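Here is the structure we will look at, set down as structure tokens.
Numbers here simply count residues along the sequence, with the first being 1. It should be emphasised that the depicted structure is a prediction, and the values quoted were computed from it without experimental measurement.
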Amino acid sequence: MSGINDFAFKMATVNGTGSASANSLLMQAIFRMGIPVTGKNLFPSNIQGLPTFYEIRASKDGYTARPEDVDLIVALNQATYAKDVATVRPGGYLVYDSSWPMEPDLVREGINIMGIPFGRMCVENFETDRDRTLLRNIVYVGALAAFLEIDMDIISQMLVEKFSKKKRLFDANNTAIKLGYDYAKANFQCPLPFHLQTMDATKDFIIIDGNTAAALGALFAGATVGAWYPITPSTSLMDAFTGFCQKYRTDAETGLAKYCIIQAEDELSAAGCVIGAGWAGARAFTNTSGPGISLMQEFIGLAYYTEIPAVFFDIQRTGPATGMPTRTQQGDLFSLAYASHGDTKHLVLFPCNPEECFYMSPIAFDLAERFQTPVFVASDLDIGMNDWMCRRLAWDDSYRPDRGKVLNAEQLEGVKKFSRYLDVDGDGIAARTLPGVHPNGAYFVRGSGHDKHGAYTEDSDLYQEVVDRIKRKFETARGAVPAPEFHRQAGADVGIVSLGGCHAAVMEAIDRLRELGIVADYMRVRAFPFNDSVKAFIDSHSSVFVVEQNRDAQLRALIAIETGVPRDHMISVLDYGGMPLTATTVVNAVSHHKAQVHA
């Protein structure tokens, strides 16, 4: 890193001071210059007043993982000055607000410290306290445009797009940009040794977050019912779905809403709404995070046993309990795979970025209806709330929802006795009916013991017949869920296994390991249950590293339980501090282990 179109910089501000708009402006401008870019928002869980950070990485090679080193920091929060100074790589740059002096003991040798009086310039040029606070962020955009050679024409065009109908705001933002740009140009050497040059590497890409992409996928999948209870970091998913429904599921002539969105009184109620809608034939979902999954356990078990389709988006955050609501993790793997009491196993999808959040949403709804069961989409805060550069989304207009085995009125006409849980095809999946279609398809939905006809029972054999069939259904699903993704190299001597949001860091790490002489194959698990290729991949490598973001090596444990691979055959690489995974974490773990083996 630290070259042309290959560096990272970071803004250290205070939550609630309006820096989000400035940071978005910077990232979008770099993207419009045709340069691959990604942004990570590291923010506190309170409303206002605590430190917040935003990291932007430009990578000519298209790497999108969080960088280990930061080349430049804009430090606007005196409470974090010490940490900011320590974070800058040797030879890097720290820009601070010189309207107030920096304590001498914070000065660090080996970095370049540049003072710009952001606050004073805002006091001198803007009248209201609100403008002076908010526009200080826009002033640093101007300074960074000079330092990093961001195209000013692009920035100007973005201001026109945003404020063309609000002249006062346009003029104020334009003035702020110019203040920072002119000061940097007049007082420092610009551009810095690392800076930007126009490329043509983003024309087939968009910038989108995972929650928005998942909501869009749910819309395309035909979802019409959403029930939820607000929880970070999943709330924006239902917000996005609501916006899409208002635009695309509202009758243009009558104004009739062809959707139903319910903010329930708690997570358990939200799950109940979704299950009820699924029983009635609607495609329904809820979005939540780990604490919500914990509260939904009873109804998840009900949907599993009564075999009602439902989709759950789990945007994982750190736990246990409240944990750190605005930090990322992959700590819900066991909670999802075996949710609820008793013997249960569930279908779980693991998207690795917003692009897959979009494409896996319709898959989740199809699987839920085909297998008449809860299906979980296990995203996380990093994927869900951060802006990612992804390939432009495409849709196959020939797509038709897979409703599974649903009997229509004509099929029910000749039925003398409907047996709701009777498997006639040998795949473990019984035919279902929808209420109101035909009286011959009526049955009583019960979470208590029932036989294959749907009748109440406490007979051991009849009970076991039903739950064994459900297990057989789960085995059928192994061949229906998305298969693992493989990246193989000639001469590979190690294997790496991972899932979800770890993917970007692992892909970058594989390139860096190859430069160190370590050639690695890589398998990205995309769904649970695992198919036979998971075990085959692990068995074919003498050293296998399982990379995941939780403390207890949940993916490694799931693989051992479900495939029979000895746990000791897999080496855990664990990162669970709440920050997005870096490639350096993976490189260090693999290279250190290899060095010890050969020592």
Side-chain angles (χ1 to χ4, degrees), residues 1-13 18-35 37 39 53-60 70-77 84 88-89 91-99 102 111-126 131-132 134-163 170-199:
M1 291 181 62
S2 306
I4 305 301
N5 296 337
D6 190 24
F7 59 90
F9 60 104
K10 181 176 182 178
M11 280 63 67
T13 59
S19 59
S21 297
N23 299 333
S24 178
L25 177 65
L26 286 165
M27 184 175 171
Q28 290 280 352
I30 296 171
F31 177 77
R32 293 192 186 192
M33 290 178 67
I35 302 164
V37 62
F53 305 92
Y54 194 85
E55 299 175 350
I56 294 179
R57 179 182 185 181
S59 171
K60 64 181 186 298
V70 176
D71 300 278
L72 180 151
I73 286 185
V74 178
L76 295 186
N77 183 1
D84 299 336
V88 183
R89 67 163 176 83
Y93 294 77
L94 182 138
V95 179
Y96 76 102
D97 190 342
S98 58
S99 304
M102 177 178 283
I111 67 171
N112 303 281
I113 298 178
M114 301 184 293
I116 298 179
F118 296 111
R120 191 182 74 217
M121 287 193 290
C122 287
V123 169
E124 294 171 352
N125 288 274
F126 304 109
D131 282 351
R132 290 167 177 171
L134 298 179
L135 291 170
R136 190 167 73 133
N137 302 303
I138 305 301
V139 177
Y140 75 63
V141 171
L144 289 172
F147 289 140
L148 304 178
E149 212 156 60
I150 301 174
D151 192 323
M152 286 292 286
D153 290 337
I154 290 177
I155 291 179
S156 297
Q157 178 59 33
M158 292 176 68
L159 292 180
V160 170
E161 292 171 6
K162 187 170 184 179
F163 300 117
F170 174 81
D171 291 342
N173 279 268
N174 197 48
T175 297
I177 292 280
K178 194 171 186 303
L179 285 171
Y181 185 87
D182 291 346
Y183 189 94
K185 281 284 192 179
N187 292 276
F188 303 101
Q189 184 174 347
C190 298
L192 299 179
F194 51 89
H195 55 271
L196 303 166
Q197 292 180 359
T198 300
M199 294 177 64

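Between L26 and Y54, the closest side-chain pair of non-hydrogen atoms is not below 4.5 Å. Using a 4.5 Å cut-off on side-chain heavy atoms (C-beta onward), F126 and T175 make contact.
Residues I116 and A143 approach most closely at CD1-CB, 3.8 Å, considering heavy atoms. Between N187 and Y183, the shortest heavy-atom distance links the atoms ND2-O, 2.8 Å. Counting all heavy atoms, side chain and backbone alike, I73 lies closest to D84 at CD1-O, 3.3 Å. What you find for V139 and C122 is that their closest heavy atoms are CG2-SG, 3.8 Å. Across L135 and A172, no two heavy atoms sit closer than the pair CD1-CB, 3.8 Å. Across all their heavy atoms, A184 and C190 have their closest contact at O-SG, 3.5 Å.
Taken from CD1 in I138 to CG in L159, the straight-line distance is 7.5 Å, to the nearest 0.5 Å. Atom NZ of K162 and atom CG of L25 lie 7.5 Å apart (nearest 0.5 Å). Taking CD1 of I177 as the start and CG of D182 as the end, the distance is 11.0 Å to the nearest 0.5 Å. Of the inter-residue distances, the one linking L196 atom CG with E149 atom CD reads 8.0 Å to the nearest 0.5 angstrom. Once rounded to the nearest 0.5 Å, the distance linking CZ of R89 with CG of L72 reads 9.5 Å. The CE atom of M33 lies 7.5 Å from the CD1 atom of I150; values are rounded to the nearest 0.5 Å.
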Determine, stepwise, if the pair V74 / F147 fulfils side chain to side chain contact (heavy atoms under 4.5 Å, CB included). CA-CA 12 Å; V74 178; F147 289 140; over 6 Å; no
Practice item. Kindly indicate, with the supporting measurements, whether the criterion side chain to side chain contact (heavy atoms under 4.5 Å, CB included) is fulfilled by I154 and Q28. Key: CA-CA 9 Å; I154 290 177; Q28 290 280 352; over 6 Å; no
Practice problem: Let me see the working for N112 and L192 under side chain to side chain contact (heavy atoms under 4.5 Å, CB included), right down to the final yes or no. | Solution: CA-CA 11 Å; N112 303 281; L192 299 179; over 6 Å; no
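Atom CD of Q189 is surrounded by 12 or fewer heavy atoms from other residues, nucleotides or ligands within 6.0 Å. Counted within 6.0 Å of NZ on K178, heavy atoms from surrounding residues, nucleotides or ligands total 12 or fewer; the atom is thus considered open.
Under the side-chain contact (heavy atoms from CB on, under 4.5 Å) rule, L94 has a single partner from M114, M102, K10, which is M102. Each of I4, I30, I35 was compared with M199 under the side-chain contact (heavy atoms from CB on, under 4.5 Å) criterion, and only I35 meets it.
One N or O on the side chain of N125 and one on the backbone of M121 form a donor-acceptor pair closer than 3.5 Å. Checking side-chain atoms of S156 against main-chain N and O of M152 turns up a donor-acceptor pair under 3.5 Å. Although no hydrogens or angles enter the test, the distance criterion places no donor-acceptor pair under 3.5 Å between the side chain of N5 and the main chain of K60. Checking side-chain atoms of S19 against main-chain N and O of N137 turns up no donor-acceptor pair under 3.5 Å. With hydrogens and angles ignored, the 3.5 Å screen pairs no side-chain donor or acceptor of R32 with any backbone N or O of M158. When atom types are taken as modelled, the side chain of R57 and the backbone of A8 share no donor-acceptor pair closer than 3.5 angstrom. Side-chain N or O atoms of D71 include none that pairs as donor or acceptor with a backbone N or O of V88 at under 3.5 Å.
Between F118 and Y140, the ring planes are perpendicular. Angles over 60° get that label, and only those under 30° would be called parallel. Taking the six-membered ring where the residue is Trp, F7 and F194 present tilted rings, their angle falling between 30° and 60°.
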